[in-house]
Amino acid sequence: MKKKICVIGAGVIGISTARLLQETLPSCDVTIIAEKFSPHTTGDVSAGVWKPHALGDTPVELQSKWSGNTFEHLLKVCMGSEASLAGIQLLSGYLLFQDYTEDPSWSNQMLRFCHMTPRELAQFPGYRHGWFIITIKVECRRYLPWMLNKFKSMGGAVLQRKIHSFEEISADYDIIVNCSGLGSYELAKDKTMQPIRGQVIRVRAPWITTMGCDDATKAGREPYVFPGSEPPGLNPQSEYHYKVRKVYIYPGMDGVVLGGTHDYGDWNTEPDPTDTKRIWEGCCKLFPSLKHAEILEVNVGHRPGRPSVRLEKEIVTSGGKAIKIVHNYGHGGGGVTLHWGCAQEAVQMVKEWVEPCVTSRL
Amino acid sequence: MSGVRIAVVGAGIAGLSTAVNIQRNIPSARVTVMADRFLTDTTSDGAAGIFRPSFEKIKADETLVRQWVSDSWKHFDCLWRSEEAREAGIGSVTMYQLFDKEPLYPLFKEFVYDFREMTDRDMKRFHGNFKMGLACTTLTTESRKYLPWLTDRFKENGGVVKIQRVNDFSELIGDYDIVVNCTSLSSKTLAGDNLVYSVRGHLLRVKAPWVKHAVYDHVTGAYIIPCFDTVVLGGTRQKDNYSLEIDPEDTKRIWEKCCRLQPNIKKAEIAWEWVGLRPHRSPPRVEKEMMKFGDKELKVVHNYGQGANGITLSWGCAKHAAKLVQELIPYIHSKL
């Protein structure tokens, strides 16, 4: 009998996991159930640039495996005939630092990584060190619909609905794959999750073809208590919230994304005019010709922050029945960077349940 | 010497660049640019304008070429870093070159950014039998922005533009002290020069904003170069072909070889097609000449024949030509 698998969530994590499930386990029926679909997911707000950052306690080797596999997958699509439909492109540019910064562990995963020469640094007063990189940018507003269409054309079912508990759907599915991102705060009752609020400005500036980014790693954290930062209806512990301000300019095929904010613990969904002003000024300082850009939108998204990525199996008992769940959430700002590698691992976990004799490890 | 009258014949990239350089060197000069074709009707209109001087095609004295390349690079690089980049149409792009045999390291390697050999992983991304690849970050110049920008610079310094077809340089004797010949292929007749000939280039301009890098396949001659709002697909090199008509066979060949090289081009929409006649000469001609018409003489500085490197060498050759003009000035009024 065909096994029924439900993927909760239709963001970059959910759809890619569902697609890989379909391809790897053709004997299963896969359904995506989600409250939000593109263009209303977290990824749709983001610039979608492949760029690993330290994800808390997630072991570096794991992050490296996931990000590396994701890069290779995206690179193949990028050079292929579906690149424009999938919204994948290469992106060259500069990562700027005020002081010398050690090379990251992922430097050889990109297509190009080298230190900026003094001649290149001269264009950016105030920065003493920098990296020139060639990486990949994913336009989620194209990527998610592209993957979802493929999913549907291969027989996948899609339902639009908010799930409040795993028990709600456990009777209908053999295995649940939880890709609900920040939704797991309620759905999985995971109080270690924290929104990392990001605000961006999308502009039209086709003459900008190079990216620029100041991660302000030394700028540090600014303690801040966000008014109204408690999610409605819940009573969170009082937390130490903070902001990290960054400046970045990521040109893409549908406009240039300017950012950004990393406001830990801020649930506010409305654009903040102070943030808009600071982002605009910071970006124009880096790339002065931006002042001629046409502003298209200002958006806010909440990265699903967690001390580490949760990618593991869980069995929950409810009313005597065992509910098999594979969790794949909590990727913070690394959703696009890690999605394919994580999806591969999540699918492997599902496979172990679907085909236990073949894949169980000793 | 005040008020020396200089006619720059030809309003393509060579003519306009030379006119601006003359104004900068000799602020008191009265410079007129005269031509019967301007802006989008000139040879560089559709060209991608990527900074990639092909030394093997330039065939001139190495020191001279190096000076042209160096001066041109400094100019475009300086513009690119300035606030005028956008208006002048200067952009930067990562460029890959793919070969099936060991190439000569190009002259421009010391000017461009991040010049390097491609890794195997980098090369595998492109379809073809490549043994070696070179990569760098270089600059592009969009003529549809750059020529108007040059024209503005010329006019704001008092330059005059005249719509006038010159059938013979002798027509200009008496009205001008020095004539600068930037007439490209027309120099065959105007300067009696049989060394200059056309190398016909056909290219497609497509809408493909997901293509961010330039690539040259030196085996098939296919190239893909992203420019300001379109991507250039090319190309052809048809020696001694003077036809400006678009040949649909060429369109098909260019499209196929580019799609084979980099399949992500397949979904691109063609925006416009263009044919340009590269004015090739070995070597490019930047020199003085005292042209004789009966018992009359005309001081001429030639600046033409840069062929495939017209945009790339434009500033360096213009600077050189302007210097030659300056050298001629003491000789004005010394002969009647």
*A:I134 and side-chain contact (heavy atoms from CB on, under 4.5 Å): which partner among B:D114, B:T94, B:D122, B:T137?*
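That would be B:T94; it is the only one of B:D114, B:T94, B:D122, B:T137 passing the side-chain contact (heavy atoms from CB on, under 4.5 Å) with A:I134.
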*Are A:T209 and B:K212 close enough, and set up right, to give a side chain to side chain contact (heavy atoms under 4.5 Å, CB included), and what steps lead you there?*
CA-CA 7 Å; A:T209 53; B:K212 298 298 184 196; 5.6 Å; no
Considering only heavy atoms from C-beta outward, does the side chain of [X] approach that of [Y] to under 4.5 Å?
| X | Y | value |
| --- | --- | --- |
| A:W207 | B:E87 | no |
| A:K291 | B:E83 | yes |
| A:L111 | B:R125 | yes |

_Just to be sure I understand the criterion: a residue of residues 136-148 of chain A counts if one of its heavy atoms is under 4.5 Å from a heavy atom of chain B. Which ones qualify?_
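At a heavy-atom separation under 4.5 Å, chain B is reached by no residue of residues 136-148 of chain A.
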For chain B, which of [options] has the most heavy-atom pairs under 4.5 Å?
| options | value |
| --- | --- |
| A:R112, A:K76, A:E82 | A:R112 |
| A:V77, A:L85, A:L90 | A:L90 |
| A:S92, A:P206, A:S289 | A:S92 |

*Applying ring-ring contact (aromatic ring centres under 6.0 Å, His included), name anything that partners B:F99, two or more places apart in sequence or on another chain.*
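If we apply the ring-ring contact (aromatic ring centres under 6.0 Å, His included) test to B:F99, skipping adjacent residues, the hits are B:H218.
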_To the closest 0.5 Å, what do you measure between CE (A:M79) and CG (B:L261)?_
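One gets 7.5 Å once the value is rounded to the nearest 0.5 Å.
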*Between CH2 of B:W210 and CD1 of A:I88, what distance do you get to the nearest 0.5 Å?*
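The distance works out to 13.0 Å.
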_I'd like to verify something: which residue of B:V112, B:D229, B:T119 has the highest number of heavy-atom pairs under 4.5 Å with chain A?_
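Option with the greatest count: B:V112.
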_As an exercise: rank B:R121, B:E84, B:E142 by heavy-atom pairs under 4.5 Å with chain A and give me the winner._
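Winner by heavy-atom pair count: B:R121.
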*Quick one: closest heavy-atom pair of A:R119 and B:F111, and the distance?*
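Taking A:R119 first and B:F111 second, the nearest heavy atoms are NH1-O, 2.7 Å.
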*Of all heavy-atom pairs between A:S81 and B:K267, which one has the smallest distance, and what is that distance?*
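Closest approach of A:S81 to B:K267, heavy atoms only: O-CG, 3.4 Å.
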*asked:* Within a 6.0 Å radius of atom NZ on A:K51, are there more than 12 heavy atoms belonging to other residues, nucleotides or ligands?
replied: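 Counting neighbours around NZ of A:K51, more than 12 heavy atoms of other residues, nucleotides or ligands fall under 6.0 Å, so yes.
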_How about CD on B:E156, more than 12 heavy atoms from neighbouring residues, nucleotides or ligands closer than 6.0 Å, or not?_
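Yes, enclosed.
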*Go through A:Q89 and B:H213 one step at a time and tell me if the side chain to side chain contact (heavy atoms under 4.5 Å, CB included) criterion holds.*
CA-CA 9 Å; A:Q89 63 172 85; B:H213 293 171; over 6 Å; no
_A:A83 backbone acceptor or donor facing B:N264 side chain under 3.5 Å_ =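 Absent.
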_Is A:S84 close to chain B through its backbone or its side chain, or both, or neither, when contacts mean heavy atoms under 4.5 Å?_
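Both the backbone and the side chain of A:S84 come within 4.5 Å of chain B.
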*Yes or no on salt bridge (charged side-chain N to carboxylate O under 4.0 Å, His left out) for B:R81 and A:E120, after CA distance, side-chain angles and deciding distance?*
CA-CA 10 Å; B:R81 290 157 179 248; A:E120 287 170 300; over 6 Å; no
